[in-house]
J.: 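Dropping a structure here in C-alpha cells format, bear with me for questions.
Predicted model, so just to flag it, every value in this text is computed and none were measured.
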There are 2 protein chains.
Amino acid sequence: MKQNSLHVGTLAKGLRLLRAFDESHVSLTLTELVERTGLEKSAVQRMAHTLHVEGMLDRDPDTRRYRPSHAWLELAYVYYWSNPLISRALPKLIEFSRTVGETVNLAQMSGDHIIYALRLPNHRTHFAASIVGRRVPALATASGRVMLATRSEAEYREACASWPLPAATPRTITDRAVVEEDVVAARRNGYAITEAQVLLNEISLAVPIIGTDGRADAAVQVSLSSLAYDFDRVRREILPVLLDTTASIQG
Amino acid sequence: MKQNSLHVGTLAKGLRLLRAFDESHVSLTLTELVERTGLEKSAVQRMAHTLHVEGMLDRDPDTRRYRPSHAWLELAYVYYWSNPLISRALPKLIEFSRTVGETVNLAQMSGDHIIYALRLPNHRTHFAASIVGRRVPALATASGRVMLATRSEAEYREACASWPLPAATPRTITDRAVVEEDVVAARRNGYAITEAQVLLNEISLAVPIIGTDGRADAAVQVSLSSLAYDFDRVRREILPVLLDTTASIQG
DNA sequence: ATCTAACGTATCAAATAATGATACATCGAT
DNA sequence: ATCGATGTATCATTATTTGATACGTTAGAT
C-alpha cells in the first residue's frame, strides 16, 4: 500500500474521513463513513474518534452523526493570511462591489478547476454562489478561460483538449473547439465573457490578475443576471471599472 | 502517550502540523515545523510529505516552505453547507448589510471564544475583520456577551469568572464584575453593545439568534466606527433593523 | 410494548507500519 | 570557497495500528 517510506498511511486515511464530507453529505454516521471512505470499520471508528477528540469533527450526541467543526473555518482563516494576493485584492473588490452593485468574485486556478477564494454577494446571489471554497471546472468559467489565455499556446491547447467540461446546464458549450476559440478571444481582448455555462440566466465577466511572469493564477469575475444585462451593456458599463480594479490589484 | 486504545496518535500528530500555521506563521520550513509542533524531525518530515502528497499543504519548490493549500478553503465550503443556520442567515444578512451600509457579522459560540462564520465587510473594514474563521475571546465581544445572556445564571457567572479576557486594547474592560453586569444588561435588553474592546474606535452591537431551547449559539453583530456613531444613534438607527433581521432568521 | 436487524462500541493477538537515530546531501551566508 | 544549518534518505527496532469478532444499544416495525 505505501509507495515510499515517507508516506504515512494512517494520516492519509484520516484525511479521507474529512474528504468524505461534501455539500451533499454534510453529516455522516460511522457506517456512512465506512461506505464513503472504503476503509475498515475499525479504522474508521478510531479515526473518527481521534478527529473528534482533536476538534476536527463535531458529533451529535443523539444521532451520533459526525459533522464538520469550527476548525474547518479556522483553517480558511489561516489560508487567507497565507495568500498575499487575498489581502491586496480584498479592499479593491469591496470598493468595486459597491460601485457596480453586483456579485464579485476572486477566482484562483487550482489544477483543472477554479476555486472561489473571495465572494462579495449581492441580494440576488443564491447560496452556493455566496460562499467561498467552491470549485468549478475551469473550462466552464470565464475566470478559468481568461487565466488560460495568459498561458502558452501549448498549455491552453492541452487544457482545452483534456480538462473536464461537464454539461452543467442545457446551454453549456461542450464543443472543445469553441471553448478554445473563446480562450483565444480572451487572449486578444484581455477579458472573457460567458453566459449560462454553469448556471442558467447568469452572465460572467472575468479579467485576469497577471503576475510578474506574465501568467495569471487568479482572476476577478463579476456575475450578472442575463435578465438584466446583455453582453453589450456588460462591456460598456462593467468592463471598464473591472479593468481599473484588476490594474490596481496588480499594483 | 495514548490515553485509550481508540486514539490514533499518528493522525493527531498530523493535525498538529496543520495547527502549526496561524496568522503570523503562514508558511513554515521543516525545522520551523519541528519547533512549533514539538515532534521529532523524522516524524515531521514524513507527516509534511504526506500532507503535501495528499494536497493539504502546498510547497514552494525554491524555498521549500510549506503553505496552506486550497483544500483549506474547500473545507470551509463544506462547513457552510453543513450548518443550516448559515444558509438561513446569509440572505437576510446580505439584505441587512445593504440597508445599513455597515459591516455585518454572524458570530457563533465556540468554546470560550466566538468565531466569525459570515462577514459582509464594507469599504472601511480592515483585513482581519473581513475574513471568516477568526476567533476572539467571547467575553471581549458584544456577540459573546449577548449569547451568554441567554444561558442560565450559573453558566454565565461561571463564564464571566473563568473565560479568557485579554486586554486587547488600552480600553478593554478587564474587570470581570463589569463584564458580568454587561451580560445581565444584555439579558434585560436583548442586545449588547461594546466599544473599543477588541479594536479602538470600534462600536459593536449584537443581537442573539435564539434557538428552540431558548439558548443562543449564534448572534448577528454590526461593527461601526465610533467616530461616526455614538451609542444613542446606534440604538436609534441600527438596533431596530437588526432586531427585525434576527427575528426573520429565527423564523 | 416487544422483537429484531442495523448500528455503534469494546477487546485483543498478530504483524505491519511508524519510529527516531544517524548518515548523507544540499543550501546559503560569510 | 568554506562551514554551519537545513533538508533528505536509510534501516533495525518495536510500539502502534490493524481487523476480526463479540458485545451493547438504538430505532423502526409489528
J.: Might you confirm whether atom CD of A:Glu95 has over 12 heavy atoms from other residues, nucleotides or ligands at distances under 6.0 Å?
T.: no
J.: Please report, rounded to the nearest Å, how far the P atom of D:dT10 is from the NE2 atom of B:His49.
T.: 13 Å
J.: By a strict heavy-atom criterion of less than 4.0 Å, which residues belonging to residues 27-37 of chain B are in contact with DNA chain D?
T.: B:Thr29, B:Leu30, B:Thr31
J.: Check the distance between D:dG7's C1' and B:Leu57's CG and give it to me in whole angstrom.
T.: 16 Å
J.: Using ring centroids (six-membered ring only for Trp), state whether B:Phe127 and A:Trp81 fall under 6.0 Å.
T.: yes
J.: NA contact type, A:Arg59, heavy-atom cut-off 4.0 Å: base, sugar-phosphate, or nothing?
T.: sugar-phosphate
J.: Given atom CG of B:Leu39 and atom P of C:dA18, what is their separation to the nearest angstrom?
T.: 15 Å
J.: Quick one: what's the B/S/- string for nucleotides 19-26 of chain C, heavy-atom cutoff under 4.0 Å, read 5' to 3'?
T.: BBB----S
J.: Using atom CG of A:Leu11 as one end and atom C1' of D:dT17 as the other, report the distance to the nearest whole Å.
T.: 14 Å
J.: Could you please spell out the steps behind the salt bridge (Lys or Arg N to Asp or Glu O under 4.0 Å) verdict for A:Asp217 and A:Arg151?
T.: CA-CA 10 Å; A:Asp217 293 312; A:Arg151 315 285 223 263; 3.7 Å; yes
J.: Residues two or more places apart in sequence or in another chain: which of them pass side chain to side chain contact (heavy atoms under 4.5 Å, CB included) with A:Thr125?
T.: A:Thr103, A:Pro121, A:Asn122, A:Ala129, A:Ser130
J.: When rounded to the nearest 0.5 angstrom, what is the spacing between CG in A:Leu90 and CD1 in B:Ile131?
T.: 8.0 Å
J.: Roughly, in whole Å, what's the span from CG in B:Asp62 to P in D:dG7?
T.: 14 Å
J.: Are more than 12 heavy atoms from other residues, nucleotides or ligands located less than 6.0 Å from atom CZ of A:Arg19?
T.: yes
J.: Do B:Ser248 and B:Thr245 meet the criterion of a side-chain donor-acceptor pair at a distance under 3.5 Å?
T.: no
J.: For B:Trp72 and A:Tyr77: C-alpha separation, side-chain torsions, deciding distance, then whether ring pair (Phe, Tyr, Trp, His ring centres under 6.0 Å) applies.
T.: CA-CA 9 Å; B:Trp72 297 38; A:Tyr77 181 73; over 10 Å; no
